[in-house]
Amino acid sequence: MRIYSPLTSKWFFIAFLAVVLVPWSGLPTLASPAKATEKPHSLEQGRNALKQVVGTLQKEKQALRRTKGEEKSLLAELESLDRKLSSGKERLDTLTQKLKDAEDRLPLLEDRVGENLGRLSQSQEELAAHLRLLYGLGDQGLLKVALSGEKSARIQQGVVYFGHLIRERNRRFQGLRLAQDELQKSIALHQETLSHLQQLTQDLKDEHDLWLSRREERIVLLKRVQKEGSLRQQKLAELKKAQEDLSGFVVELGEALNRAPVAKTQTFGRIQRKKGKLPRPVKGAWAAKSSGLFFKVREGSPVKAVFQGQVVYADWFRGYGLLLIVNHGNHIYSLYGHNRRLLVGQGDWIAANQKIAEVGDTGSMEGVAGLYFEIRRNGHSDKPGRWLASLKK
């Protein structure tokens, strides 16, 4: 389709190009993302110092286990399975969240495709209308104005007018192209998300099957222990040893922190004033166990800190699974064992009643979900019943 007649005059053609050519302007660049807020230097120093102290103690414990040949124990086998299960559960949760995020994005991307289709249709209609206008001018257009013999001011006015029309045409062409590009991008992103969603679904299924397989291995191990008398005796001996290890570890940890005090960004409260008034870490039935209490509650139930303090240990401990140790100052610690997931990390400062973990059965030879809770003071176990208000007789 021809919009206007070709120009034969050389000088007029040059003038015409000078009027109608529009400089190309690039799209605006995206602003660079804001720099992540850095942690206070003192807090990071405290974390590193604490990590070094705990890491040294853990290495000593591992070396001692290897020397005594304890790496082939029932608890070691259970720990290996539990670690795999815990890691698999984290991957399952991550994949589940990614799957949910992808599913949530789909409706938004579909809306975006629809909006871009609408913009493209509108741009096409506007451009078609503008081209019809230019085409309709025909012989009454720019060529006739330029060769009409009118005064130069009149000719100049006509050239400027048609220059505006051509620039508007170019602008609409550019808008149409941008609308097409944006539509293609949104369609491509939508298709990519769909493909990613399908892959995530398959990965989630594979990971879940693997997790179930390892879970079955764990169940088989626990049934063997329950069935065979010799293994039951071995279990009891190892659990007693684990209790002694934990007691020794807490003492060593306290002494190490006293020798190399970790930089404090907050102050400890006066937990002594709350003796006999502290809330339960979980709600549920409880029973005395070794040096603490065992709360038999549903897996995944929230575990809450009984008082404010600093997390000085957040890792695996043989016989207790995923374990948290919180320092409340004045050589008083609270311990939370057998967790499914830890929600705080080593060095974190926590508030009373803050959710710090989720109930699980990691490290448990009984295969029963619940929370092991203990209070230690000056390196010795202190009966939790004396501290928790709801357990007072």
Side-chain angles (χ1 to χ4, degrees), residues 75 78-79 81-97 99-100 204 207-223 225-226 235 239 242-243 246 278-307 311 313-326 334-345 348 350-375 383-385 387-392:
L75 284 178
L78 180 66
E79 178 180 344
L81 289 172
D82 273 345
R83 283 185 180 274
K84 291 176 182 177
L85 281 171
S86 180
S87 176
K89 186 64 171 66
E90 288 182 6
R91 289 196 297 271
L92 278 175
D93 291 343
T94 300
L95 286 172
T96 301
Q97 186 59 49
L99 192 63
K100 182 179 181 302
L204 185 62
E207 191 67 44
H208 187 260
D209 291 344
L210 180 60
W211 186 84
L212 286 177
S213 173
R214 287 172 174 165
R215 181 81 175 178
E216 185 61 31
E217 288 181 44
R218 188 181 193 273
I219 292 172
V220 169
L221 171 64
L222 296 182
K223 285 183 177 179
V225 172
Q226 292 170 2
K235 178 194 77 170
L239 289 177
Q243 179 186 345
L246 180 60
L278 295 176
R280 290 191 188 190
V282 292
K283 295 180 179 179
W286 60 274
K289 183 178 180 181
S290 60
S291 300
L293 298 174
F294 182 76
F295 293 87
K296 186 178 179 180
V297 291
R298 182 175 54 84
E299 184 174 1
S301 299
V303 178
K304 296 184 179 180
V306 296
F307 195 72
V311 178
Y313 188 83
D315 203 343
W316 203 273
F317 200 95
R318 184 163 295 179
Y320 295 88
L322 286 173
L323 175 70
L324 277 176
I325 301 178
V326 180
S334 59
L335 287 69
Y336 311 78
H338 300 313
N339 299 289
R340 179 179 75 174
R341 177 188 297 173
L342 304 181
L343 304 179
V344 292
D348 287 348
I350 58 175
N353 288 314
Q354 179 179 334
K355 184 178 177 181
I356 56 176
E358 293 178 357
V359 169
D361 64 349
T362 58
S364 170
M365 271 291 186
E366 310 301 328
V368 178
L371 174 73
Y372 175 76
F373 176 75
E374 187 177 329
I375 293 283
K383 292 182 179 179
W387 290 85
L388 302 181
S390 55
L391 296 182
K392 289 179 68 176

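Quick caveat, the model's predicted, so the values are computed rather than measured.
- Contact annotation: the side chain of Leu342 never approaches that of Asp315 to less than 4.5 Å [non-hydrogen atoms, C-beta and beyond].
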Next on the checklist: Test side-chain contact (heavy atoms from CB on, under 4.5 Å) on Arg215 and Leu85; report intermediate values, then the result.
Outcome noted: CA-CA 7 Å; Arg215 181 81 175 178; Leu85 281 171; 4.0 Å; yes

Next on the checklist: Assess the residue pair Phe373 and Val306 against the criterion (side-chain contact (heavy atoms from CB on, under 4.5 Å)); give the C-alpha distance rounded to whole Å, side-chain angles, the decisive distance to 0.1 Å, and a yes or no.
Outcome noted: CA-CA 10 Å; Phe373 176 75; Val306 296; 3.8 Å; yes

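- Considering every non-hydrogen atom in both Phe317 and Ala242, the closest pair reads CE2-O, 4.2 Å.
- Taking the ring pair (Phe, Tyr, Trp, His ring centres under 6.0 Å) definition, one finds that Phe294 meets it with nothing, sequence neighbours left out.
- Nearest heavy-atom pair across Gly284 and Arg280 is O-NH1, 2.7 Å.
- Applying the 6.0 Å contact sphere to NZ of Lys296 captures no more than 12 heavy atoms from other residues, nucleotides or ligands.
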Item to check | Worked check of side-chain contact (heavy atoms from CB on, under 4.5 Å) between Leu246 and Tyr320 | outcome: CA-CA 9 Å; Leu246 180 60; Tyr320 295 88; 3.5 Å; yes

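- Scanning all heavy atoms of the two residues, the minimum distance from Leu324 to Ala357 falls at CD1-CB, 4.1 Å.
- The shortest heavy-atom contact between Ala305 and Ala351 is CB-O, 3.7 Å.
- By the 4.5 Å heavy-atom criterion applied to side chains, Glu207 and Leu210 are counted as neighbours.
- Aromatic pair Tyr336/Tyr372: centroids not less than 6.0 angstrom apart.
- Using modelled atom types, one side-chain atom of Thr94 and one backbone atom of Glu90 make a donor-acceptor pair closer than 3.5 Å.
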Item to check | Test log, rule side-chain contact (heavy atoms from CB on, under 4.5 Å), inputs Asp82 and Arg218 | outcome: CA-CA 8 Å; Asp82 273 345; Arg218 188 181 193 273; 2.5 Å; yes

For a quick test of your reading: what N or O donor-acceptor pairs under 3.5 Å do the side chains of residues 362-369 make, sequence neighbours left out?
| from | atom 1 | to | atom 2 | distance (Å) |
| --- | --- | --- | --- | --- |
| Thr362 | OG1 | Leu322 | N | 3.1 |
| Thr362 | OG1 | Asn339 | O | 2.7 |
| Ser364 | OG | Glu366 | N | 3.2 |
| Ser364 | OG | Gly367 | N | 3.3 |
| Glu366 | OE2 | Lys235 | NZ | 3.1 |

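- The side-chain heavy atoms of Leu388 and Leu278, taken from C-beta on, include a pair separated by under 4.5 Å.
- Taking every heavy atom of both residues into account, Ser334 and Ile375 meet most closely at CB-CD1, 3.9 Å.
- Contact between Leu78 and Leu222 at its shortest, heavy atoms only, is CD1-CD2, 4.2 Å.
- Here Lys383 pairs with Arg386 under the side-chain contact (heavy atoms from CB on, under 4.5 Å) rule; sequence neighbours left out.
- Using a 4.5 Å heavy-atom cutoff, the side chains of Val297 and Lys283 are not in contact.
- With rounding to the nearest 0.5 angstrom, the CG atom of Leu323 is 9.0 Å from the CD atom of Glu374.
- Rounded to the nearest 0.5 Å, atoms CD (Gln226) and NZ (Lys223) are 8.5 Å apart.
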